[in-house]
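Atom set for the values below is all heavy atoms of this structure, side chains included, hydrogens, waters and symmetry mates excluded. Lettering of chains follows the sequences in order, A, B, ..., and the numbering in each one begins at 1.
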Amino acid sequence: MKKIAFFLSILLFMGTLVANAQTRDVTGTVTSTEDGQPIPGVSVSVKGTTLGTITNIDGIFELKVPQDAKALVVSFVGMKTQTVELTSASDYTIAMKPDLVGIDEVVVTAIGIERSAREVGYAMSSISDEQLNMAKSPTISGGLVGKVAGLQITTVSTGVNPNQRVILRGNRSLTGNNQALLVLDGVPVSLSYLTSLNPNDVKDISILKGANASALYGSDAANGVIMVTTKQGSKENIQVQFSNTTTFDKVAYLPEFQTRFGTGSSSDKYGNPVFEAYENQQYGDEFDGEMRGIGRPDEYGRMQEVPYAAIPGEKEAFFDTGMTIQNDLSFSAGDDKSTFFASVQDAIIKGLVPGDELRRDAIRLNGSRKYKGFKATGNVNYTHTEDDITTSNVLWPIYNTGQNIPLTSYSDWRTPSTPEKTNYADINHYYNDYYNNPYTDKDKNRRKRRRDQLIGTITLSQDITSWLNGMVRSSLSLNNSTYKNTHEDWDYSYWAEHESGRSNSSGGDKKASVSDGSSYSFRWTNDFILTANNEFGDFKLTTILGATTRSTYSHHINVSASALEVPGLYNISNRLGELGGNQAYYETRRMGVFGDLTLGYKNFLFLHATGRNDWDSRLDPSQWSFFYPGVDASFIFTEAIPALADNSILSYGKIRGGIAKVGSININPYSLENNFGVTGGFPYGDLTAHSISGSLKNRYLEPEFTLSKEIGLDLNFFESRINLEMAYYSMSTTNQTLPAQIPYSSGYSSMYVNAGEMKNSGIEVELGLVPVSTKDFRWDLNINYANWNSEVVSLTDEFSELYLGNYVYAIEGQPYPVNKASDFDRDPQGRIIVDAKTGLPTKSTDLVVTGQTTPKHILGLQTYLRYKGFTAGISAEYRGGFVLRSGPGRDMMFPGISALSASAGRERFVFPNSVVNVGTADNPEYVENTNITTNDGNVDFWTQTYRNVSRPFVTNGAFWKIREISLYYDVPERFLTSGTGGFVKGVKAGFVGRNLFMFLPDSNMYGDPEANNGNGNAVGYSPGAAIPPSKSYGFNVTITF
Amino acid sequence: MKNIRIYLLLVLFFAGVTGCTEWLDVNQNPNSLTKSTKDLVLAGAEKQFAQRQQIGSGFSLLGAWIGYYGHSGGWSGWNNVKSYNMTSSDYNGFFTGPYLGELKSLKYVEEKGVDDGNPAYVAVARIMRSALFQRIVDTYGDVPYFEAIKGFEGNTQPVYDDAKIIYEDLVVQLDSAIILLKQAEDASLLLEAKYDFIGGGDLTVWKQYANTLKLRVLLRQAEMSDRQSYITSNMNFDEAGFLAASLTANPGYIANQNGKMSPIYGYGKNYKGNLTSANQQYGLNIFLLTLYNESNDPRLQLCWEPGVSSGDYSHGLQLGVNGAVEDHWKEAAIRMGPGIYGTSDGDVVVMSIVEVDFLIAEALARGYNLSSAGVSGTAKDFFDKGIEDSFNYYAARAGVEDVAPLLDGYVGAEGSLKGDASWDDSNPIKSIMYQKYISGLGLYHYETWADYRRTGYPVPGDPSEIETSMISYYFNIVRAQVPVRMLYTQKELDINSENVKAAIDKTGVPYNSEFIMDAKIFWDVK
């Protein structure tokens, strides 16, 4: 806290001196042309200087202006900025027109430079605080889903600590990073902050979609930029805001389970399923509702008996109702020279898995101060997160629990059995011979983590002359986390170990183990920027020259003990045997110099050119310098063509286009030199040994280059009642860094080369409609749509296919990435061939391409209705045109819990839509199979013949989701004035819901297609081991003082 | 004032740019080594090599195929093993393990040995490489040999060499290794004993190993009538003779220490001393049990532990039988004992004296002259010695000190040795192969598979003879015989396809077909 206090004092110390020269006083009143009412808070400044003030509650301003001042600039959010010529008069009446179109709105572009929207020659979307926090998502990424054309946010992990993959305009790099760059208040930071920053601190988010937009951020920005600007104090009175959001999560969208068959793993010699009392698999006989013993008889001769019938909802009931409680307090203040914003957030998240919990506390302080031509801004954000979660994969043992087993009755597994009463939940008596009680598993295997994140930025700028400004910015981002994984010991009773015959316990006791780790990362960015503004008649020239450096350093260390002597003490000093562990350091440095030139003509034609040279430590000195340029243009034809000006239909029209090249380095540090590893198992005492690593390195790797082109059209009709923005882009990324696979017989598994090309194009449409707008009622409808086309043009000379992991590939001539799966042998018509004797299909030798795994289409819809104090919003999203390989689908086949595994009643059946070959092997003749049944319809068929082929588990990934629903009520000010005497300025309360509805095609019986294994490029596989998805709903109250 | 600010900033800026080369130069790897020594790489290679000799990729797969064990009920999987139906993605470790592992390390050791002028390193690298390539050829036939491990030199499409030509080169390499070892001895250039934990720095042991490997390479071709003159002309050995004791390796395995234990122990217990799931899944095969029972062989009790439910040795498993059959249930299965998996810090056997005994017995039985290696005695002498060494090996592991009565009850005055495994003067090869088979459990599954292929012993029986057959009884079986080679690996088919195709064409089997598993290696003429 001392440091923060010190920082604050610096901010406050930055004087309050006022310019004092030869001045005169002017006064005035600012009103609105709409209703003639005065407007408070309007910024009035002397043109060409930093002198200024704001209007008071009655719209009146007073200002000392220099004798030589020529004009006043009057600006206000939502109004057209005006320049008022100063005459000898001292009192002015200024009427402001509403700016419905927003073209003069100032937008924040690359490196924090504010530009007028009309100048921007590339695709850019903005999301306001209100849109982002419509349903009070606890993360920024959650609040962005479905709201921006061209932005794909994919769920990577659920649970209390979610993770997402964030992609703009699809993938460019075959193996490298394709995720967007996150820029926080002008400084690039780790994308993980999208899930850890407080969304309520966000003022707005600008999304620069293409490489065109972002040449100035350097390599990382090839994937587009998400620019988050946090709140600065407003130039109004002091405002204090308190907000509470409480939401509840219910497990949802689980796959379909079968409800007909109980525990068993085999058939008798007549092919009938056999019940087994202690089996994890569910290939037993059909439920009959009679009482049956489960598990094994215990040492007292007792056996648990339950009805032999499925228990509805038992699997879902394992999960708790999750809860998220967010409390926010913010304080903002400002005057015309300084701003101040402070916020505190406390978020407590209780997970779906009983016992999982996360708590996050965040503090933000933003302040700025002007002094003549000097301005200082400081932002500090500190976040502390603690979580405690299970590391066991709870779904897998749940799938391996029979439908007739009263799962939720086993939660109290710690109470020991006594001769009087057996606790069938304990580790000695749990019914399942092969899988542990999921409650025991989750309690015994846990991870506790603490994380501290600090971001601090200081920006100093100085007007050097009236047209030249210099800025220095330094930003530090620190991330420190420590974790402890613990695995409790398993102490079985003598009976369980030696006499019960249970597989679980006959392996013997297991000692406890622990691993501790810590991870530290540091990123320091410095920018130095000179900005020049010159005007020559109708021409306006903005020149930016800059230099930037960034250094990163990270250190990860892990120590572990695989056996602990005394249970309960999770410390490596308590270990038996050797200490395990590893560590890694990474350091990178890079620097860049850049120039950015904008030439405007008469405020309707803008040309913009950029160029940048980077130096990057990850490459060899002979390759580490690389240059990339970009140009774009914007033309506001409604203003350039006199015939179009001031027409009543088309209010505004802009056409734009750009072309840019961006270099990027998609290798880790230390990827240039071959290395040795310590041979597995070594060291043994004082003997160690080395082996040569399996990948051949390449010292002279070069950057990848993306060339991107885009054109766009913005049209605005009827003064913003209809707003249409369209963009088309095409990109080509060449010289990719590929770990080319080489035959193992060469001694190596891969070799790094620069090769390959990927093409990528798409359209983006954003349509904003205001069908109704009256004094009390307003209806907004925003539609966004994006379509992606990708093609792997080439890989290397030797191979045309690259495996990316998760069963997905990059294949020449195919979209990127595609899933490949094993299939059944099929006849030329695509029907499955079964053996004439066994009735069984056979697995084909080659894998088949089943489709692309990233959506080809995403459609987002948001609608807002406002009626007096009520606001309702709905956000929905559709994704389609892709396939997904379902991990749960295949996983559930093994235990036999999936609905599909019971679809033929566990009896021999004619494989649907199958054929038999009645010809010869060389001259096949296929006829429809109507009567040859499979030789088995139970465990062997479903867990082997069927499960060994992966095509059945690849499903259409399309879905519609109602992402967010909200309904708020703003208590009218008059009630507050009368009720609290004006102490309370605003009260807003409402209902929020997230992911309440999902609609899937009938062909998908595996549940939510959104989950993805890992946040790498290999999307398209939903892991079986995930925490299931959820629906959440709750309420929010915001009080403003 | 303004100008000073600009200049100051510019000076700072250019100072930064000019210092950038040094500032940017932070790409030295702090996490992995970029340099090593021939000793350290040799030690790593020896560990991987030794482990591959006793266990390798074939311990469980071949152990099941050649009738040592079956899979007990209550466990899923193993379908490709039970059905003899591999794909080109299964068990690739036979191929990728050595090429990606110690073959590459040995190339480094050999090159460094040449650079440093120490022929001993060159020699041991060649000896181990020859042992590895014999098995790679035995598994696949034609494989990359002369152009192998040349990725660093830029050859990423190694040609597949003819199996017989590779075999001939192995003999040349082993002979050259012995010459190099003599040169090293003459120049007093030794191996560091600490890193050479297979040979302990003793070059004589390496000469003996080279001799024994040469004998093994030649005997593999012994059934080929057109190779007899080649074999006879190469039956000359260095005077160091054959291995006189088991060649073992132990880099310093640590008892009950996760990841540091003797690798074969993992087939029995884990570091906590608990039974591993492998030990619960593999049970004694009915085929081997029948052979044990025929002669009342005490190795049954030395190697195996009785079934949990039966408490006796009654339930042998037949490979591929549905686990629901009562006798095949996991609790009935006869489990591996310490006679097989030893102690948690025990040695790994690179080449067992048992194998050496039977190799000599076979060579003598076939009438080859081993006098250059100083061998005296008859085939029967070495047959008997093989049995005795086998008893000693298992007994030592099982903690049984007094072997004499057991041996006496088997082959001595009280002996009950009968049937195929007893000495038959009219067919000594059969007797040797049966004993070598029984003695191979846990020691050299790979050699057993090779001997079975080249001699036809032991006779596997028909799968329908469910009480005695070695052949799988799996319901979905693809072929009713043990596969005689493995499929080329998928990655070679994908990206070294021209060269693999040429090798497959020679077998006459269609490209990418599983029937290559029935295509015999050149020495497999039975």
Between [X] and chain A, which part of the residue has a heavy atom less than 4.5 Å away: side chain, backbone, both or neither?
{"X": "N27(B)", "answer": "both"}
{"X": "E153(B)", "answer": "neither"}
{"X": "T87(B)", "answer": "neither"}
{"X": "P144(B)", "answer": "side chain"}
{"X": "Y253(B)", "answer": "both"}
{"X": "K107(B)", "answer": "neither"}
{"X": "L100(B)", "answer": "both"}
{"X": "K260(B)", "answer": "both"}
{"X": "N155(B)", "answer": "backbone"}

Looking at [options], which makes the most heavy-atom pairs under 4.5 Å with chain A?
{"options": "P158(B), S497(B), S105(B)", "value": "P158(B)"}
{"options": "S32(B), G101(B), A148(B)", "value": "S32(B)"}
{"options": "Q48(B), K269(B), E102(B), E147(B)", "value": "Q48(B)"}

[X] ring center near [Y] ring center (under 6.0 Å):
{"X": "F133(B)", "Y": "Y145(B)", "result": "yes"}
{"X": "Y195(B)", "Y": "F197(B)", "result": "no"}
{"X": "Y108(B)", "Y": "F676(A)", "result": "yes"}

Most chain B-contacting option - heavy-atom pairs closer than 4.5 Å, from A689(A), S617(A), S745(A), G577(A)
S745(A)
Could you tell me which of T943(A), L576(A), D509(A), L672(A) has the largest number of non-hydrogen atom pairs under 4.5 Å with chain B?
D509(A)
Can you say whether [X] sits under 4.5 Å from chain B via the side chain, the backbone, both, or neither, judging by heavy atoms?
{"X": "T679(A)", "result": "side chain"}
{"X": "P669(A)", "result": "both"}
{"X": "N948(A)", "result": "side chain"}
{"X": "E801(A)", "result": "neither"}
{"X": "S693(A)", "result": "backbone"}
{"X": "K843(A)", "result": "neither"}
{"X": "L687(A)", "result": "both"}

What are the two closest heavy atoms between P743(A) and E492(B), and how far apart are they?
CB-OE2, 3.1 Å
Locate the shortest heavy-atom distance separating L24(B) from R589(A); write the atom from each residue and the value.
CD2-O, 3.3 Å
Without hydrogens or angle criteria, can the side chains of T34(B) and N675(A) be said to hold a donor-acceptor pair below 3.5 Å?
no
Check the side chains of T552(A) and T588(A) for a donor-acceptor pair under 3.5 angstrom, ignoring hydrogens and angles.
yes
Would you call D433(A) and R296(A) a salt bridge, taking side-chain N to carboxylate O under 4.0 Å as the test?
yes
Would K491(B) and Y744(A) count as a cation-pi pair here, with the cationic atom under 6.0 angstrom from the ring centre and within 45° of the axis?
yes
